[in-house]
Amino acid sequence: MWKRKGLKKKTRVLLKQSYGSMVAVCFLIAMLTTAYSVSTTVFNFQISPGQPETDAAFSVSIPNSEVIIETIDTFLASTNLSRWFDHGASDILALAIDICSNTISVFFTILRSVYAALTGSTGTAFIFSMLGIMISFLYQIFINNILLIGEKRFFLENRNYRKTSISKIFYLYKLRCVLHPAWIMFCRSFFQFLWNLTIIGGIIKHYEYCMIPYILAENPKISRKDAFYLSKQLTNRNKWKLFLLDLSFLGWHVLSFFTLGFLNLLFINPYMTGCKAELYASLRRNYVLSRSPRYEGLNDSYLEHVPSEDELLISKALYDDSQGPYTKISYFAPEQYPVFLFSVQPPQKAVHSPMKASRKYDVYTYLFLFHAASLAGWAMETVIHLLRDGSPAQDSFILAPWVILYGLYGIFILLISRHLEKNPVFVFLTNLVIYSILEFAINLIYEQLSGAPLRNYSEFLLNFDGRIYLGGSVSYALLGCAFLYYLAPRWTESYMKLGRSRRIFLSVLLCILFALSLLLRYVLL
């Protein structure tokens with residue numbers, strides 16, 4: 001038997017011990033998935049209606065509220081309801097939609113395509129919007145849902161292992177175990193959608209299916225039938241209590257609404273998620289101890305039983321004898337989950353030595369990474385604009401296919417942030433400052449030279465002089481972390497395999513091509 005007060009008390013104690021990592025994980029999940037949609041409102045909230053003036057990749061071309069309201073207004077144009085909708089109600093509804101919705105969901109991608117069709121946007125724009133639906137759907141299945149399982153895994157481990165790494169949210173990718181959990185989560189979403197059509201049934205099934213991500217976090221190889229069965233059994237006679245638990249956070253949500261989601265990031269998200277992880281742990285403990293049907297599927301005993309140092313040494317010795325994938329590269333540290341004892345092990349080829357973000361780079365490597373980051377940034381912006389707007393970006397600072405801002409950003413990250421690589425939070429904050437300063441400087445220089453702003457962010461609530469805004473800086477700070485910890489070391493590793501003469505030739509060739517692109521653009525302008 002579990003009680004809300006007991007769950008919340010344990011979670012508050014855990015928050016005091018691991019506040020930073022819990023907030024960081026929820027922040028990453030809020031930025032990378034459709035969960036915690038209210039939390040990201042403060043970064044991208046627009047204070048002026050209509051089309052944004054900026055051409056930035058991560059800005060929203062049309063706010064969610066405008067898409068919904070204009071679509072509804074089109075259908076209601078011939079009715080008396082449109083008069084009521086135009087006078088006052090639309091402003092309140094728009095605010096609620098923009099605060100409580102997320103632009104990367106399949107629903108809003110589909111709705112944008114419908115909006116494009118209703119407004120007469122056809123041809124390539126409509127085709128790319130259809131392509132956007134497909135990509136959004138794949139993102140939802142293979143990234144969104146997998147990261148949500150990783151989040152549950154982090155919180156389950158963090159209950160007893162205080163030094164659980166933030167990177168735990170990517171653990172299914174590290175295990176190369178994605179397709180099976182993705183299939184089960186897709187079935188969960190599909191069945192939930194069908195039950196939602198009955199309204200009452202949708203509410204019931206929401207709570208019946210709520211333990212499936214936790215079950216997959218514990219045992220990603222479990223069968224679909226067992227995952228659904230165990231979730232049903234764990235929530236049996238507990239659905240009303242689960243509803244009351246959610247209801248008990250209502251006051252916090254209302255308070256967060258007035259902070260545009262900022263309170264969610266700092267407290268509510270980790271608090272709620274921690275409570276639900278404690279709830280799952282309590283339910284699974286009782287279920288396993290009672291030897292209820294199919295309890296063997298809940299097979300990770302180390303979530304509850306923290307092994308002693310002697311147990312770890314014995315297990316490690318036995319594991320080495322088995323010649324498993326972690327034989328050569330395995331470790332265990334105090335207050336960290338013993339990954340080499342997890343029930344699902346990665347294939348041999350998936351086990352690599354940890355990447356060293358603090359490694360040194362020579363001059364030619366810096367040149368190569370400058371061009372690699374510039375080219376990758378151009379490709380990223382092109383894809384985002386094609387899928388979002390149906391046309392390439394009109395940003396005059398794109399020196400096809402180079403975007404200087406990203407190249408400079410990557411170099412400054414390697415020169416400054418890599419010295420802080422042991423503290424990811426400091427790295428993120430440093431990247432935030434670096435990108436903001438760089439973008440502000442480039443926008444200012446461009447405006448002085450051309451007399452017109454390069455990118456105007458004045459429609460966003462949290463902008464500085466219209467040249468930078470918080471949402472873009474936060475997004476690129478996260479990309480900067482990915483560049484420092486993964487992309488730069490991986491690209492450098494491949495680059496170093498070319499040999500010294502080929503490395504020099506490649507770096508020089510890229511510089512010549514870059515100079516020619518600058519000259520060509522100058523001639524055309």
Side-chain angles (χ1 to χ4, degrees), residues 1-4 7 33 35 140-142 144-157 159 169 171-172 175-246 272-305 337 341-345:
M1 188 64 64
W2 57 275
K3 295 182 179 180
R4 293 194 304 274
L7 293 177
T33 73
Q140 199 81 6
I141 295 175
F142 295 108
N144 185 89
N145 289 343
I146 299 303
L147 291 178
L148 289 178
I149 295 173
E151 179 200 33
K152 311 311 181 197
R153 182 69 199 185
F154 169 86
F155 276 89
L156 289 177
E157 285 190 16
R159 293 175 55 253
I169 63 175
Y171 90 111
L172 286 179
L175 294 178
R176 304 292 175 89
C177 181
V178 173
L179 292 179
H180 185 66
W183 164 246
I184 295 177
M185 290 292 284
F186 168 75
C187 291
R188 173 182 180 253
S189 299
F190 181 69
F191 295 156
Q192 181 68 60
F193 168 75
L194 295 179
W195 279 107
N196 285 345
L197 300 178
T198 67
I199 302 178
I200 299 300
I203 297 174
I204 295 173
K205 289 299 178 179
H206 167 76
Y207 289 105
E208 183 176 307
Y209 296 158
C210 70
M211 293 300 164
I212 291 177
Y214 293 94
I215 295 170
L216 289 172
E218 178 174 356
N219 181 8
K221 290 289 189 179
I222 195 171
S223 68
R224 181 185 64 82
K225 290 184 178 180
D226 284 349
F228 277 80
Y229 176 83
L230 287 172
S231 183
K232 180 179 180 179
Q233 293 301 109
L234 290 175
T235 57
N236 186 32
R237 298 181 181 180
N238 286 300
K239 296 182 184 65
W240 178 248
K241 290 185 177 181
L242 288 168
F243 172 75
L244 292 178
L245 178 63
D246 286 339
M272 284 184 57
T273 310
C275 281
K276 292 181 178 180
E278 284 291 342
L279 170 60
Y280 172 77
S282 176
L283 293 175
R284 77 167 293 282
R285 185 188 309 117
N286 295 333
Y287 196 81
V288 170
L289 291 177
S290 63
R291 298 295 190 269
S292 299
R294 306 188 198 181
Y295 78 94
E296 298 89 351
L298 307 176
N299 59 1
D300 193 351
S301 61
Y302 293 107
L303 290 176
E304 289 294 332
H305 167 64
Y337 181 90
L341 297 179
F342 187 54
S343 59
V344 179
Q345 291 295 302

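- Residues A35 and L148 approach most closely at CB-CD2, 3.7 Å, considering heavy atoms.
- Counting heavy atoms from C-beta outward, I149 and Y171 have side chains that approach closer than 4.5 Å.
- In this structure, the side chains of I146 and P181 come closer than 4.5 Å at one or more pairs of heavy atoms.
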**Request:** Please report the C-alpha distance between R153 and I169 in whole Å, then the side-chain angles of each, then the deciding distance to 0.1 Å, and finally whether the side chain to side chain contact (heavy atoms under 4.5 Å, CB included) criterion is met.
**Result:** CA-CA 7 Å; R153 182 69 199 185; I169 63 175; over 6 Å; no

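- Checking side-chain atoms of N219 against main-chain N and O of L298 turns up no donor-acceptor pair under 3.5 Å.
- Rounding to the nearest 0.5 Å places CZ of R188 at 9.0 Å from CG of L216.
- The backbone N or O of S231 sits less than 3.5 Å from a side-chain atom of T235, completing a donor-acceptor pair.
- With Y280 as the aromatic partner, R159 does not meet the cation-pi criteria of under 6.0 angstrom to the ring centre and within 45 degrees of the ring axis.
- Residues forming a ring pair (Phe, Tyr, Trp, His ring centres under 6.0 Å) with Y209 (at least two apart in sequence, or on another chain): F228.
- Residues I204 and W195 are not in side-chain contact: their nearest non-hydrogen atoms beyond the backbone lie 4.5 Å or more apart.
- With hydrogens and angles ignored, the 3.5 Å screen pairs a side-chain donor or acceptor of N238 with a backbone N or O of N236.
- Between H206 and L242, every side-chain heavy-atom pair lies at or beyond the 4.5 Å cut-off.
- Distance CD1/I212 to CG/L234: 10.5 Å, rounded to 0.5 Å.
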**Message:** Working note: Y229 + Q233, criterion side chain to side chain contact (heavy atoms under 4.5 Å, CB included); need CA distance, chi angles, decisive distance, verdict.
**Reply:** CA-CA 6 Å; Y229 176 83; Q233 293 301 109; 3.6 Å; yes

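- Between F342 and P220 the shortest side-chain heavy-atom distance falls below 4.5 Å.
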**Item:** Worked verdict on M211 versus L279 for side chain to side chain contact (heavy atoms under 4.5 Å, CB included)
**Value:** CA-CA 10 Å; M211 293 300 164; L279 170 60; 3.9 Å; yes

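- Inspection of the Y207 and D246 side chains reveals an N or O donor paired with an N or O acceptor under 3.5 Å.
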**Request:** Would you sort out whether E157 and L303 count as a side chain to side chain contact (heavy atoms under 4.5 Å, CB included), showing the intermediate values?
**Result:** CA-CA 6 Å; E157 285 190 16; L303 290 176; 4.0 Å; yes

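- Listed for the E218 side chain is a donor-acceptor partner under 3.5 Å among the backbone atoms of D300.
- In this structure, the side chain of S292 does not engage the main chain of V288 through any donor-acceptor pair within 3.5 Å.
- Separation of atoms CD (Q192) and SG (C187) is listed at 13.0 Å; rounding is to 0.5 Å.
- Under the 3.5 Å distance criterion, the side-chain polar atoms of R224 are left unmatched by any main-chain donor or acceptor of I184.
- Residues Y287 and S282 are not in side-chain contact: their nearest non-hydrogen atoms beyond the backbone lie 4.5 Å or more apart.
- The CG atom of L289 lies 9.0 Å from the CZ atom of R284; values are rounded to the nearest 0.5 Å.
- Taking CZ of R294 as the reference point, atom CD1 of I222 lies at 9.0 Å (rounded to 0.5 Å).
- Other residues, nucleotides and ligands contribute only 12 or fewer heavy atoms inside 6.0 Å of the CZ atom of F193.
- K276 is listed as a side-chain neighbour of Y214, based on a closest heavy-atom distance under 4.5 Å.
- Screening residues 195-205 for salt bridge (charged side-chain N to carboxylate O under 4.0 Å, His left out) gives K205-E208 as the qualifying pairs, with residues at least two apart or on separate chains.
- Of all the heavy atoms in N196 and G202, the pair that sits closest is OD1-CA, 3.4 Å.
- Expressed to the nearest 0.5 Å, how far NZ of K152 lies from CG of L147 amounts to 11.5 Å.
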